[in-house]
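Letters A, B, ... mirror the listed sequences (proteins, then strands); counts begin at 1.
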Amino acid sequence: MPAPDPEALLAWYDIHRRRLPWRAEAGRRADPYHVFLSEIMLQQTTVKAVVPYFDAFLRRWPTVAHLADAPLEEVLSAWAGLGYYARARNLHACAKAVVARHGGRFPANEVLLLDLPGIGPYTAAAIAAIAFNLPASPVDGNIERVVTRLHAVEEALPKAKPRIRALAAELVPPRRPGDHAQAMMDLGATICTPKSPACALCPFSAPCRARAEGTMLRYPVKTKKAAKPERAAIAFLAVRADGAVLLRTRPDKGLLAKMTEVPATPWSASEGAIPADPARHAPVKAQWRALPGAVRHVFTHFALELSVWRADLPAGTPAPDGARFVLPRDFDAEALPSLMRKVLAHGGANRPPKRS
DNA sequence: TATACGTGGTC
DNA sequence: TGACCAAGTAT
């Protein structure tokens, strides 16, 4: 079994590298802010989902200083729909920290990068390698897959992480470490894929143990995840005659923190355990009627079944404390997560009221 | 070390 | 259709 040749990977990369909005042309160094922004967005998120958000953020906040000066509410509304909202809060905090600690320039130093909010071991190494061409070794899901197959690592994730990191670091060449990191990720994303690896096209085919044994799909070995519990609740859609919908901001911590929501009963831990008197939780006293069907939304660690109750209120109805009426035309300025967009659509509140 | 934390696409 | 997956981090 020959040793994997990083030069063969770089040669493959020079031909097959993906063109992505945050990447520089071949041979150029990418803007650290672009790398930072894309790396945060790409955490547990597909390239396809990220591209429009990356473009929108860059248009709106062209530099890290612009982002640092933005109100958090605007950053959250621009992030709405991308998920994992702690990333948006940390992105903003990180921009402020880069301005305050480093004069608005990202440090070319993995340790200093790691000390910034929202930047963990992967992202610090990725920025160091990609933006500054430092010999850092970022290990993401792609690289875990490539490395575990290359070495037929039997140990299961996440316990195998230290071992995988060491094996990945061995591969980093002294020449073009930034391109090496991106090449490893491109290889994992386009050749060494989870379900149907294209081994015939892989520059690491010869040195790959899994390939030799025909056991590519076995790796990476992962420990089984626990089943998702179900939760249920009732969302209260109060719609004023002018079409405005009653919304409020969620608490500062926890799920969907600081995001906009449709008022609802507590999300009960067990199915069918909706409070006996749901109307007690309604944000205003009104004629509530249950809408047919429900909104189902699957989070990372539980699934939610939201029934929707709707009440139509007279024009001029004031919002109760802690809530506000928002016109559909202003929804884009709200930090509305996908779940809440679904609720609004289910209740027909995402479009102007019918003229009568 | 285990758990919380979103969303949309795939097979 | 219900898992599983996608450039992880914070606690």
Side-chain angles (χ1 to χ4, degrees), chain A residues 18 20-23 30 34-54 76 79-91 93-94 113-131 136-146 156-162 164-165 168 178 181-190 192-196 217 220 222-231 250-251 253-259 261 267 295-304 335-342:
Chain A
R18 290 178 292 173
L20 300 169
W22 44 88
R23 292 236 273 231
H34 298 186
V35 176
F36 157 71
L37 183 57
S38 66
E39 289 299 341
I40 300 297
M41 288 182 166
L42 286 162
Q43 289 168 8
Q44 300 288 285
T45 307
T46 58
V47 167
K48 184 174 183 295
V50 164
V51 168
Y53 284 85
F54 177 83
L76 288 176
W79 194 279
L82 240 203
Y84 282 152
Y85 299 101
R87 292 184 297 170
R89 302 193 300 273
N90 286 147
L91 179 85
C94 185
L113 287 166
L114 188 56
D115 198 38
L116 264 5
I119 296 187
Y122 163 76
T123 306
I127 297 173
I130 298 170
S137 179
V139 178
D140 70 337
N142 290 125
I143 296 178
E144 282 177 350
R145 192 166 54 253
V146 170
L157 284 168
K159 194 171 290 185
K161 277 177 185 285
I164 295 169
R165 278 192 236 258
Q182 296 177 88
M184 289 287 283
M185 290 187 243
D186 278 16
L187 189 69
T190 66
C192 195
T193 60
K195 301 290 185 188
S196 55
L217 300 192
K222 295 188 179 182
T223 52
K224 289 276 185 281
K225 290 169 200 147
K228 278 182 184 151
E230 289 278 338
R231 294 193 195 178
R250 288 177 60 84
K253 294 186 183 289
L255 189 72
L256 306 176
K258 297 187 182 182
M259 300 297 285
E261 72 171 351
W267 300 0
V295 171
R296 185 175 175 75
H297 193 77
V298 181
F299 291 99
T300 308
H301 52 298
F302 68 92
L304 177 66
L336 282 166
S338 293
L339 164 64
M340 299 304 162
R341 295 253 177 204
K342 286 188 197 174

Between B:dG8 and A:Ser338, is there an OP1 or OP2 to side-chain N/O distance shorter than 4.0 Å?
yes
Presence of A:Arg87 side-chain N/O under 4.0 Å of B:dG6 phosphate oxygens OP1/OP2
no
What is the distance, to the nearest angstrom, from the CZ atom on A:Arg250 to the C1' atom on B:dC5?
12 Å
Base, sugar-phosphate alone, or nothing: which one does A:Ile143 contact when heavy atoms must sit under 4.0 Å apart?
nothing
When we call it a touch if two heavy atoms are under 4.0 Å apart, what does A:Pro337 touch: a base, just sugar-phosphate, or nothing?
sugar-phosphate
Taking only side-chain nitrogens and oxygens of A:His297, does any of them come within less than 4.0 Å of OP1 or OP2 of B:dT7?
yes
Side-chain donor/acceptor contact of A:Tyr84 with base of B:dG6 under 3.5 Å:
yes
Give A:Leu304 one of three labels, base, sugar-phosphate or nothing, depending on what nucleic acid heavy atoms sit under 4.0 Å from its own.
nothing
Choose from C:dA10, B:dG6, C:dA6 the nucleotide whose nearest atom is closest to any side-chain atom of A:Asn90.
C:dA10
Using atom P in both nucleotides, what's the gap between C:dA6 and B:dA4 to the nearest angstrom?
22 Å
Winner on side-chain proximity to A:Tyr122, out of C:dC5, B:dC5, C:dT9, is C:dT9
Short side-chain N/O contact from A:Thr123 to OP1 or OP2 of C:dT9, under 4.0 Å
yes
Out of curiosity, A:Glu144 CD to A:Tyr122 OH, how far, rounded to the nearest 0.5 Å?
11.0 Å
Look at the side-chain N and O atoms of A:Tyr85 and state whether any lies under 4.0 Å from the OP1 or OP2 oxygen of B:dT7.
yes
Can you tell me the distance, in whole Å, between the CG atom of A:Leu339 and the C1' atom of B:dT7?
11 Å
If you measure from the P atom in B:dC5 to the same atom in C:dG2, how many Å do you get, rounded?
23 Å
Per A:Gln43 side chain, nearest of listed nucleotides B:dC5, C:dT9, B:dG9:
C:dT9
What distance, rounded to whole Å, do you find between the two P atoms, one in B:dG8 and one in C:dT9?
22 Å
Comparing nearest nucleotides in DNA chain B, the 5'-proximal residue of the pair A:Thr46, A:Gly254 is A:Gly254
For A:Trp79 against A:Tyr84, the heavy-atom pair lying closest together
NE1-O, 4.0 Å
Please work out which of the three classes, parallel, tilted or perpendicular, describes the rings of A:His297 and A:Phe299, given edges at 30° and 60°.
perpendicular
Do A:Phe54 and A:Leu20 come close enough that some side-chain heavy atom pair is under 4.5 Å?
no
Check ion pair A:Arg296-A:Glu230 (N to O, under 4.0 angstrom):
yes
Side-chain N,O (A:Gln44) to OP1/OP2 (C:dG8) below 4.0 Å
yes
Can you tell me if the side-chain N/O atoms of A:His301 get under 4.0 Å from OP1 or OP2 in B:dC5?
yes
Taking for A:Lys195 and for A:Leu82 the nucleotide of DNA chain B with the nearest heavy atom, the one nearer the 5' end belongs to A:Leu82
Would you say A:Lys342 places a side-chain N or O within less than 4.0 Å of OP1 or OP2 belonging to B:dT7?
no
Roughly how far, to the nearest 0.5 Å, is OG1 of A:Thr223 from NZ of A:Lys159?
9.0 Å
